Number of protein chains: 2
Amino acid sequence: MSEPEKEITIYDIAKKLNISAATVSRGLKDHPGVNKNTKKKITDAAHEMGYRSNAFASNLRKKSSNIIGVIVPRLNSSFMSDVIAGMEQVVNEANYNLIISQSLETVKKEVSNARAMFNNRVDGLLVSLAYDTKDIEHFKPFINRGIPVIFFDRIFEHAEYPTIFIDNYKAAYEVTTHLIEQGCKKIVHLTGNQLRNVYAERFKGYKQALADHQLAFDEDLVLINSLSSADGADAAKQILNMHVRPDAVFAANDSCAIGCMLEMKKQGIKIPADIAFAGFNNDPMCCVIEPNLTTVNYKGYEMGGVAARVLIGNLTNQLNTKTTHSIILRSELIIRESSVRNKR
Amino acid sequence: MSEPEKEITIYDIAKKLNISAATVSRGLKDHPGVNKNTKKKITDAAHEMGYRSNAFASNLRKKSSNIIGVIVPRLNSSFMSDVIAGMEQVVNEANYNLIISQSLETVKKEVSNARAMFNNRVDGLLVSLAYDTKDIEHFKPFINRGIPVIFFDRIFEHAEYPTIFIDNYKAAYEVTTHLIEQGCKKIVHLTGNQLRNVYAERFKGYKQALADHQLAFDEDLVLINSLSSADGADAAKQILNMHVRPDAVFAANDSCAIGCMLEMKKQGIKIPADIAFAGFNNDPMCCVIEPNLTTVNYKGYEMGGVAARVLIGNLTNQLNTKTTHSIILRSELIIRESSVRNKR
DNA sequence: CTGTTAGCGCTTTCAG
DNA sequence: CTGAAAGCGCTAACAG
């Protein structure tokens, strides 16, 4: 293999063109007030010589990185993949770069990821919280240095942090109401850590829908777990052991709903005749399970794009026009066979 | 909100401790030959003053970024998420950072991602190729500058690029043999772009298994598409229109197999009695579809870890000990009901 | 074991 | 419109 090519700098370009490095630097940007001709000469020479700008030197000088950090619980859902794609789209257009990490649902990793992002001097941070994050102390250093942090989906309410999410309360209210309209009277709710807004709000929506339809709220029908598929299977066993058998299950995510359904089916329970089901997220699996799963859909691509746009807005705008409020995106109930009992 | 805190540097620490910046710099690293006491004083002061190292300055000086770039087709599979987690594990331990991007299965985006990585001066690159990548010209600049590029899973064979993958040929051979042993004689193969080793090798394995069991290879039984779930459904329709109905389908991935199964079921076909099925990847969906899908499992976490380890090895080793060969990881056939016809 | 010194490549006043 | 010069914060010879 040949020797690595020499790295060429603005000085090399300057020398070749008999102009100053300063002019080259300006010519390479959109800088106003550079002669059109020299600008063209500069970009041509740069291209021809195989120049690539040195971000380190530039960042060092400008004290900004043009990098945006992203911390999510997990990458392995089509939802998150969409979120990231949405972010990338927006971020690339604004000439920023993304650095992504997963907390694998633990605060511990979330904290260490945050520290890494901080040391890497990201210009801003987009975060969806881990399962068990209790406080947001680990994002304090960012705020102290004036680096914007934005929460999306799994948010934390706090004046310093703008948030992007859906109306989980309303969505859950609609799901529950739908189940009630199908004649269900004893509805189990499978939910996750109540520290997370998404689960707390869905729980509230469920509760309110019961109240509004004159159904008693029964604490024993609420099962809190990690919402994995295995947790769903465990829940199925618990449900089947209840004295009076429930007639519906509303799980706060699809994996858990599906794990639960699979176990129920194994035990010979008929869905939705014996027990109706609804999930949340509209994972592709909803259309694989039989019967297909009723769920709530919301657009990851859009959420990622909006989050990125708000962040970049706060990064580039004048100091006094920062967005600090919440943005609430739309979601929709998708009714499938798993919950349909009324014949028409 | 208060003013952003002042950024503190090794000079501030040096001043406070009445020593030189050079010593502080050394003290902050594992540098041998620094007095234990001064080292402790330095780290204490650094911590107390809220120091964070400035990677830009360091990178600029060292001409290396400690960043490893990753380009994958998509993030939205549990396989890829595992791969990334495996990489992160290894990479963090070695004090590198990861910057991840998805090509969304197009060369176009793969090329632009590669360029971005190049401009961001990654120290090395881990790549799994997009669906339609024809050549690897876009990785040439890395090689020219001596930046290692490693392919994993969807590889490209070339002396300059180490590769990590599984024996797709053997795995497919085993799947096909299994189907034949179940009494299947007319086996459809759903596959993807033959530019990708994974699909080409699986195709070869399929073909060879037929040959070794005295079954004629029939070109019309091989359907090439994009392997999406929708492509699977289309394939189902084609298959059902064939003059003599096939008795098995081996798809090169699970999504496609499942899309195909769902459509077949809708048409009233019995699986595996009328037609047996096998997929590839062991996606969680395999255990949701009914009947559960026979498939090939391989460990993403391991593959990510190995790829990262090889890369870091090449980065840190002496010039002459680079790994340039291939590493082949193990995979396993997982037999489920979708392909079991023999009663025992 | 520690200090001195000289840049890494770029941006940005400040002058022309 | 362009140039000169300084400096971002760190590291690595080299010299004590």
Side-chain angles (χ1 to χ4, degrees), chain A residues 4-43 45-46 49-67 95 97 118-123 145, chain B residues 4-43 45-46 49-67 95 97 118-121 123 145 316:
Chain A
E5 290 171 14
K6 181 187 174 300
E7 200 69 66
I8 96 120
T9 74
I10 54 171
Y11 285 97
D12 298 320
I13 301 180
K15 200 170 298 170
K16 175 163 179 181
L17 262 40
N18 268 316
I19 56 178
S20 79
T23 306
V24 176
S25 173
R26 287 190 276 247
L28 258 14
K29 312 257 166 297
D30 53 354
H31 196 100
V34 179
N35 186 305
K36 263 202 166 178
N37 282 327
T38 45
K39 189 167 179 175
K40 173 145 175 45
K41 269 196 292 189
I42 291 168
T43 48
M49 299 170 76
Y51 169 79
R52 59 171 175 167
S53 80
N54 188 325
F56 306 146
S58 165
N59 293 343
L60 174 59
R61 183 58 226 250
K62 292 190 309 182
K63 291 161 173 293
S64 88
S65 64
N66 272 43
I67 292 175
N95 263 305
N97 282 98
F118 187 65
N119 288 332
N120 281 300
R121 287 175 149 73
V122 296
D123 284 349
R145 285 242 158 69
Chain B
E5 291 171 14
K6 179 188 174 299
E7 200 69 65
I8 96 122
T9 75
I10 54 171
Y11 285 98
D12 299 320
I13 302 180
K15 201 170 295 170
K16 175 163 181 181
L17 261 38
N18 267 317
I19 57 179
S20 79
T23 305
V24 175
S25 172
R26 288 191 276 250
L28 257 14
K29 312 255 167 301
D30 52 354
H31 196 98
V34 180
N35 187 303
K36 264 205 165 176
N37 282 328
T38 45
K39 188 168 178 173
K40 175 147 174 46
K41 270 194 292 189
I42 291 167
T43 48
M49 299 169 75
Y51 169 78
R52 58 171 176 167
S53 78
N54 187 324
F56 306 147
S58 168
N59 293 342
L60 175 59
R61 184 56 226 245
K62 292 191 309 181
K63 291 163 173 293
S64 87
S65 64
N66 271 42
I67 292 175
N95 263 307
N97 282 99
F118 187 66
N119 288 332
N120 281 299
R121 286 175 149 74
D123 284 348
R145 285 243 158 69
T316 52

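Because only heavy atoms are used, hydrogens play no part in the values below, and waters and symmetry mates are left out as well, while side chains stay in. Lettering of chains follows the sequences in order, A, B, ..., and the numbering in each one begins at 1. Everything numeric in this text was worked out from a predicted model, so none of it was measured.
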In whole angstrom, give the distance that lies between atom [atom1] of [X] and atom [atom2] of [N].
X	N	atom1	atom2	answer
B:F56	D:dT11	CZ	C1'	17 Å
A:K29	C:dC10	NZ	C1'	8 Å
B:L28	D:dA12	CG	P	13 Å
A:M49	C:dG9	CE	C1'	14 Å
B:D12	D:dG9	CG	C1'	10 Å

Contact pattern, 5' to 3', of nucleotides 1-8 of chain D - B, S or - by protein heavy atom under 4.0 Å: SBBB-BBB

Contact under 4.0 Å: B:S25 side-chain N or O vs D:dT11 OP1/OP2: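 For D:dT11, OP1 or OP2 has a side-chain N or O of B:S25 closer than 4.0 Å.
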
Spacing of B:I13 atom CD1 and B:T43 atom OG1 [to the nearest 0.5 Å]: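 With rounding to 0.5 Å, CD1 (B:I13) is 9.5 Å from OG1 (B:T43).
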
Set of ring-ring contact (aromatic ring centres under 6.0 Å, His included) partners for A:F118, sequence neighbours left out: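 ring-ring contact (aromatic ring centres under 6.0 Å, His included) list for A:F118, sorted by chain: A:F142.
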
A:S65: partners by side-chain hydrogen bond (donor to acceptor under 3.5 Å, both in side chains), with sequence neighbours left out: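 For A:S65 the side-chain hydrogen bond (donor to acceptor under 3.5 Å, both in side chains) partners, ignoring immediate neighbours, are A:D123.
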
With A:S53 via side-chain hydrogen bond (donor to acceptor under 3.5 Å, both in side chains) - residues at least two apart: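 A:S53 satisfies side-chain hydrogen bond (donor to acceptor under 3.5 Å, both in side chains) with no other residue.
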
Those residues that, when tested against B:K40, pass side chain to side chain contact (heavy atoms under 4.5 Å, CB included) (two or more places apart):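 If we apply the side chain to side chain contact (heavy atoms under 4.5 Å, CB included) test to B:K40, skipping adjacent residues, the hits are B:D44.
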
Listed once per pair and sorted, the salt bridge (charged side-chain N to carboxylate O under 4.0 Å, His left out) pairs that draw on residues 11-23 of chain A, sequence neighbours left out: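 Passing the test, one end in residues 11-23 of chain A: A:K6-A:D12, A:K16-A:E48.
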
